[in-house]
There are 2 protein chains.
Amino acid sequence: MIELAILGILKEANLHGYELKKHLRTALGPLCSVSFGSLYPALNRLERDGAVAVVAVDEANAVATPMTGSFAGEAAAFRARRRVTRGPRNKKVYGITEVGEARLTELMADPADDERTFGMKLAFFRWCDRPTRLHLLERRCATLHQRLDETRGVVAARGSDDPYVRALMEHDSESTMNDIAWISRLIASEEAGGDDTLDDRDKEPTGGHP
Amino acid sequence: MIELAILGILKEANLHGYELKKHLRTALGPLCSVSFGSLYPALNRLERDGAVAVVAVDEANAVATPMTGSFAGEAAAFRARRRVTRGPRNKKVYGITEVGEARLTELMADPADDERTFGMKLAFFRWCDRPTRLHLLERRCATLHQRLDETRGVVAARGSDDPYVRALMEHDSESTMNDIAWISRLIASEEAGGDDTLDDRDKEPTGGHP
DNA sequence: GTCATCATGTAAGCCGTTACATGATTGC
DNA sequence: GCAATCATGTAACGGCTTACATGATGAC
């Protein structure tokens, strides 16, 4: 889970742990909640496995995305040229490796479908191809249908004698149906090939609808 | 969390672990997910703390709580009936004690507001008084507002350059607003004194409004 | 007698948290 | 120089899961 988040973020830009955490907050908002106590060990684990690597600070901002207008990016770039393997503030700037990219693909594909995991995967949809995206969306849809059935089963079976439980289940059903409708829309848009910029976004940054 | 679930269910009927798990599924549906590996240790913990006690299988069918009161008393009673305390299939039928009821009240009041915890609390709303219910609802409302702000902050700050992230955040906002509206309705209904049967359901089963 | 189910438990492990420790750098 | 922040890490613990072990009971 946390590895998915790290790799997904690092695929976009080389960052050190501290910065990474900020990016997680500003990029995923309520979906992520990672503390340093789990972030750093995870980074070390990933480094040990060769999924990420410490990059020389000179390369730190050279590679990956342009980082247009990022305060941290420019500041880092300014101070960046002192040492090689560790930055000025003892920073360790990480970049994703090919192994890491493979791992990311693997993590995206694996069957874990809970609210948070799916949300995170969706946030990184740009990193995978359309078939994978469709697969994930359909699986999520199935999961939601299952949940809906389960909730309805509760109402049908019992528990409906209590108004609060009833209210809870009804709201749960509604929310789930809402989610299903949303996913269905995403599937439709995906099948229609709605925004083609997603499949090959390296071609052109045509951002948005006409 | 799991203790809340156990106590909330046991307040309604004396049950043994195996049965308890079934009730959790059929009473809370997707909200609960407890495995035996956590259920039994939790029951033992609660028993050690005097929050639940093994009841004689004779009383097992006698619903709700006869439970004399003092922990020492319960323990003595337990020792006295040592032979009867395990049912035919080696069952241990548990009942909630006064200590357990106090613990339940405490758990309901404590500040934990995530999706699942709140859902579980709501499912047990019948066990607490209106002020507590209102307090919980308002806290939840505040939490949701906070989440909404956070999500909007993400959209405003950045991340909106990716259509998937944007879709995710927009859906999150919508869902959260939906939840807020729902909670607001519950608050209104609570303040209006909608169903009075909930506050003192032991008095009279007067089902609903005239 | 044996198989499925009921019933209770233990052990190992995963995944995350909080709290703590340490040191570098900057601003004043 | 001193405080605030940046930056990395460790230790202890919490809560839950899976997998395993054990045994009673009833159906056939």
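Heavy-atom basis, side chains included; hydrogens, waters and symmetry copies ignored. Numbered from 1 within each chain, the chains take letters A, B, ... in sequence-line order.
- A donor-acceptor pair shorter than 3.5 Å can be found between the side chains of B:His16 and B:Glu19.
- When rounded to the nearest whole Å, the span between NE2 of A:His16 and P of C:dT25 equals 13 Å.
- For the residue pair B:Asp179 / A:His171, a side-chain donor-acceptor distance below 3.5 Å is found, with atom types taken as modelled.
- Across the protein-nucleic acid pair, A:His23 atom NE2 and D:dC6 atom C1' stand 16 Å apart, rounded to whole Å.
- Here C:dT8 presents its P atom at 8 Å from NZ of B:Lys91, a figure rounded to the nearest Å.
- Atom OH in B:Tyr40 sits about 13 Å away from atom C1' in D:dT22, given to the nearest Å.
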Classify every nucleotide of nucleotides 13-18 of chain C by which part a protein heavy atom approaches to under 4.0 Å, writing B for the base, S for the sugar-phosphate alone and - for neither, in 5'-to-3' order. ---SBB
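- When the C1' atom of D:dT18 is taken as reference, atom NZ of B:Lys21 falls 12 Å away, rounded to whole Å.
- Between B:Phe118 and B:Trp182, the angle of the ring planes goes over 60°, which puts this pair in the perpendicular group of the 30/60° scheme.
- Distance CG (A:Leu20) to C1' (D:dG9): 15 Å, rounded to an integer number of Å.
- A straight line from CG of B:Asp110 to P of D:dG15 spans 11 Å, rounded to a whole angstrom.
- A donor-acceptor pair shorter than 3.5 Å cannot be found between the side chains of A:Asn178 and A:Ser175.
- Side-chain proximity of A:Tyr94 to C:dT8, D:dC6, D:dG9: nearest is D:dG9.
- In this structure, B:Tyr18 has its ring center under 6.0 Å from that of B:Phe36.
- Rounded to whole angstrom, the span from the CG atom of B:Asp114 across to the C1' atom of D:dG15 amounts to 13 Å.
- Of the possible polar contacts, one joining the A:Ser173 side chain to the A:Met169 backbone as a donor-acceptor pair under 3.5 Å is found.
- Comparing B:Pro41 and B:Lys22 along DNA chain C, the residue whose closest nucleotide (by nearest heavy atom) sits nearer the 5' end is B:Lys22.
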